[in-house]
Structures are given as structure tokens and as C-alpha cells.
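Quick note on labels: first sequence line is chain A, next is B, and so on, each numbered from 1.
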There are 2 protein chains.
Amino acid sequence: MRMSTKAQYAVRAMVNLNLHSEGQPVSLRDISLRESISLTYLEQLFVKLRRGEIVKSVRGPGGGYLLARPAKDIQVDEIIDSVEESLVPVSCMDQKNGCACEDQCVTHNVWHGLGEKIRQFLSSITLDDLTTEAKSKLKH
Amino acid sequence: MRMSTKAQYAVRAMVNLNLHSEGQPVSLRDISLRESISLTYLEQLFVKLRRGEIVKSVRGPGGGYLLARPAKDIQVDEIIDSVEESLVPVSCMDQKNGCACEDQCVTHNVWHGLGEKIRQFLSSITLDDLTTEAKSKLKH
DNA sequence: AAAGTAATTGACAGTTTTACTCAGGTATGC
DNA sequence: GCATACCTGAGTAAAACTGTCAATTACTTT
């Protein structure tokens, strides 16, 4: 049971973006330098974050990325969903088309319940929460 | 975020073992046939389950495995721990020796909290719960 | 219009992890 | 003593993960 570094990077990058934005676009290059994440890898992530309508891009000089909506309205599970990291613990339950084993699998309910707990927890935390926390840490 | 098939197999095998035991040792061969899990792979898993004191072995003809304690006292998280599947979502928090990034990482608390939720949920379910559920499913 | 900046895209490669198999060995009961 | 069933460690193929590279497109400023 591991959260992929892809998901971890995405969340860290989003916090960093929000922390340094203040209404202005932030370039991936800046985030790359501050968080020590390869620029080209960030690019991959932000393509997905844009499609997930978590951020919007501004092209040209002085461009970069902005939050697509207020940080309060961005939940951690949405960030992870966007980079295509499944939160459901077993593969047979992945797709929309349900799970054939539902009636047979004894253990189905365990994983299903676990998946709901995970989502529940991650959707209770917003990007704003994390940013506020980061700010208070920086002060010390 | 995926539960490995190793962990899934371990839980399934344990339910199957408990379901067909009734105080008598159950051979891995039987479990293998019923659950369609390779015998040699099961052997690997049960070495770990034995070390984790989830089951005990009986050698020789007519031998097999027995629960090491009542099914009510075996929690799902213990089964998964035994087969060495980490329940902590990020690697830096894996070992006993804590996590160096605790003070810096903004996202640390998210993953830490998530790990606790996962453990909390899986420790609330016992092997007995799953076996009872399996029995009622078989009746239909 | 030209030049420079930055986002965008797709293909691809190295490494690690996973999920197993194989080939033996050891203890036990009949 | 032989059949049964556990026990052990090494090895391997495939998949997933983590990233890089090269080339393109879009936009802004001069």
C-alpha cells in the first residue's frame, strides 16, 4: 500500500504553486527549482492537472500556471485523481463498469470499504489547509 | 494506491483456511485448489504468516495449517503486516527510525494521517467477521 | 514581423517492484 | 522407509514506476 511519488509530487507542487502565486502565474521552472522535481516530469503532471481543471495555464513570457479555482475548493483527492492515481485499493474495482466478483469475493467488501475511507479522508483536506499549514511552518 | 495481490491472496487464503478448518489442519494444496493460487506461492505466504503468529503448522501426512489463535482475535491488518506489506503510504515513514523530513515536509501530515486511517479501518475487521460473511454468502 | 519565452506533446529508456516458479531440503505419521 | 506436507532460497519474466529527450506550438514583447 503505497502512494506513488507521482501523487506525492503533484500534491507538493500544488502547495508550492499556491504558496508563491498570489494571483500571478507561476512557472514550472520555479517550482522545479524550489521542490527539486525534474522540470520535464512536472510538465507531465501539470498537463494532467490542467485537464482535471485543477490549474489553468498562461502562455508566453511571464506565463505559468494558476489555480483554476480557489484553494478552498480544491481537495487533495481531486489532485491525485487528476494525475491518474487510483484510490481504489484493488484493480477489479477500478472502472466505472463495476466488479464482476462482487457476489463471490469474500474480501470484496473489505477493499471497497477501505477505498471509501481513503477517499473520505483525502477529500476532507483542501489545498488551502495544506498551504496554511506550510505558512505556519515557514515562520518558525 | 494499490493493495498488492500478495496481501489480497493472504486475506483470501486465511478466510478459506478458517472456513474449512473446524479444528483440523488444512493443507495448502486444498487452499491452492479452492482459491486457484499457486501452491508454491502460498507456501511463501504461509511462512510469513507463521512467523507473524497468525497460523501454526502441523507437519507430516494429514498435516497443514491451523489458526494460531481464535479468528476473533485476528485482525486484517495483522495478516497484511505479516506478509510484509506496508500500510504506510509513503516510504520515508516506513521504518521505526522515524522520518527526517517531519519538520520540513508540508505534505507529511497528510500521508501520516492517511496511514492511520487505513490501519484503523483494517484493524476494526477480524478474520471471524470475514468468515461469517463468507458463510452467509455461500447459503444463497 | 521577429525573437524569445514558456507551455505542450509523444516517444522512449533505465530501474525497481511484483508475482511468481523451480529445485531442492526437512520433519512427521503410517 | 516412504508418502505427505511443510520449509527455504535462488532465480526470472513481466509490469509499473520514474523519469529523460527531442521537437512543436502558442503567446508576448520589442
Side-chain angles (χ1 to χ4, degrees), chain A residues 1-13 17 21 24-33 35-52 54-66 68 80 82-86 89-92 94, chain B residues 1-13 17 20-21 24-52 54-68 80 82-86 88-92 94:
Chain A
M1 206 76 190
R2 250 316 118 77
M3 188 62 70
S4 72
T5 63
K6 194 199 287 186
Q8 296 180 44
Y9 281 169
V11 176
R12 272 173 56 204
L17 166 61
S21 174
Q24 298 301 311
V26 179
S27 74
L28 292 190
R29 199 167 155 279
D30 289 352
I31 297 178
S32 165
L33 290 174
E35 292 285 335
S36 304
I37 304 173
S38 134
L39 174 59
T40 45
Y41 196 46
L42 274 180
E43 284 169 352
Q44 274 186 49
L45 297 181
F46 273 76
V47 167
K48 291 174 179 173
L49 290 170
R50 190 173 51 81
R51 287 189 190 136
I54 307 291
V55 296
K56 52 189 174 186
S57 68
V58 179
R59 295 188 150 202
Y65 285 95
L66 288 168
I80 298 174
S82 295
V83 295
E84 287 165 12
E85 208 46 39
S86 172
V90 296
S91 57
C92 77
D94 227 2
Chain B
M1 206 77 191
R2 251 314 122 74
M3 187 61 70
S4 71
T5 63
K6 192 200 287 187
Q8 296 180 44
Y9 282 168
V11 177
R12 270 172 57 203
L17 167 60
H20 292 88
S21 173
Q24 297 302 310
V26 179
S27 75
L28 292 188
R29 200 166 156 280
D30 289 353
I31 297 177
S32 166
L33 291 173
R34 281 193 296 258
E35 291 286 335
S36 304
I37 304 173
S38 131
L39 175 59
T40 45
Y41 196 45
L42 274 181
E43 283 172 351
Q44 273 188 47
L45 297 182
F46 274 76
V47 167
K48 291 174 177 173
L49 290 170
R50 188 171 52 80
R51 288 188 189 138
I54 306 291
V55 296
K56 51 189 174 187
S57 66
V58 179
R59 293 187 150 200
Y65 285 94
L66 289 168
L67 296 188
I80 298 173
S82 295
V83 295
E84 286 164 12
E85 208 47 40
S86 172
V88 187
V90 297
S91 55
C92 76
D94 227 0

- How many Å lie between OH on A:Tyr41 and P on C:dT9, as a whole number? 17 Å
- The reported gap from CG in A:Leu66 to CD1 in A:Ile54 (rounded to nearest 0.5 angstrom) is 14.0 Å
- Message: Rounded to whole Å, how long is the line connecting atom CG of B:Asp30 with atom C1' of D:dT4?
- Response: 12 Å
- Item | Distance, rounded to the nearest Å, where A:Lys6 contributes NZ and C:dT16 contributes P | 19 Å
- Task: In whole angstrom, give the distance that lies between atom NZ of B:Lys48 and atom C1' of C:dC20.
- Result: 12 Å
- From D:dT18, D:dC7, C:dG4, pick the nucleotide closest to the side chain of B:Arg50? D:dC7
- How many Å lie between CD1 on A:Ile37 and P on D:dT20, as a whole number? 11 Å
- Task: Give a yes/no answer on whether the side chain of B:Arg51 brings an N or O atom under 4.0 Å of OP1 or OP2 in D:dT8.
- Result: yes
- Would you tell me if any nitrogen or oxygen in the side chain of B:Ser38 comes within less than 4.0 Å of OP1 or OP2 on C:dT21? yes
- Whether A:Ser57 side chain and A:Tyr65 backbone form a donor-acceptor pair below 3.5 Å: no
- Minimum-distance nucleotide (side-chain atoms of B:Gln44 versus D:dC6, C:dT21, D:dT20): C:dT21
- Message: Please compare A:Pro61 and A:Phe46 by the position of their nearest nucleotide in DNA chain C and report the one closer to 5'.
- Response: A:Pro61
- Is a side-chain donor or acceptor of A:Arg12 paired with a backbone partner of A:Glu35 at a separation under 3.5 angstrom? yes
- Which whole-number value in Å describes the distance from B:Arg2 CZ to C:dA19 C1'? 15 Å
- Message: At less than 3.5 Å, do the side-chain atoms of B:Glu43 and the base atoms of D:dC7 form a donor-acceptor pair?
- Response: yes
- Which of D:dT18, D:dG19, C:dT21 is nearest the side chain of B:Thr40? It is C:dT21
- Message: What is the separation between atom CG on A:Leu39 and atom P on D:dA23, rounded to the nearest whole Å?
- Response: 17 Å
- Message: Using a heavy-atom cut-off of 4.0 Å across all strands, would you classify B:Tyr9 as base, sugar-phosphate, or nothing?
- Response: sugar-phosphate
- Query: Any side-chain N or O of A:Thr5 less than 4.0 Å from the OP1 or OP2 oxygen of D:dT18?
  - Reply: yes
- Message: Counting only side-chain nitrogens and oxygens, does A:Ser57 get under 4.0 Å of the OP1 or OP2 atom of C:dA7?
- Response: no
- Supply the atom-to-atom distance B:Asp30 CG to B:Ser21 OG, rounded to the nearest 0.5 angstrom. 11.0 Å
- Taking A:Ser32 for the side chain and A:Ser38 for the main chain, is one N or O donor matched with an acceptor at less than 3.5 Å? no
- Spacing between B:Arg59 atom CZ and C:dC30 atom P, to the nearest angstrom: 16 Å
- Query: OP1 or OP2 of C:dA6 sitting under 4.0 Å from any side-chain N/O of A:Tyr65?
  - Reply: no
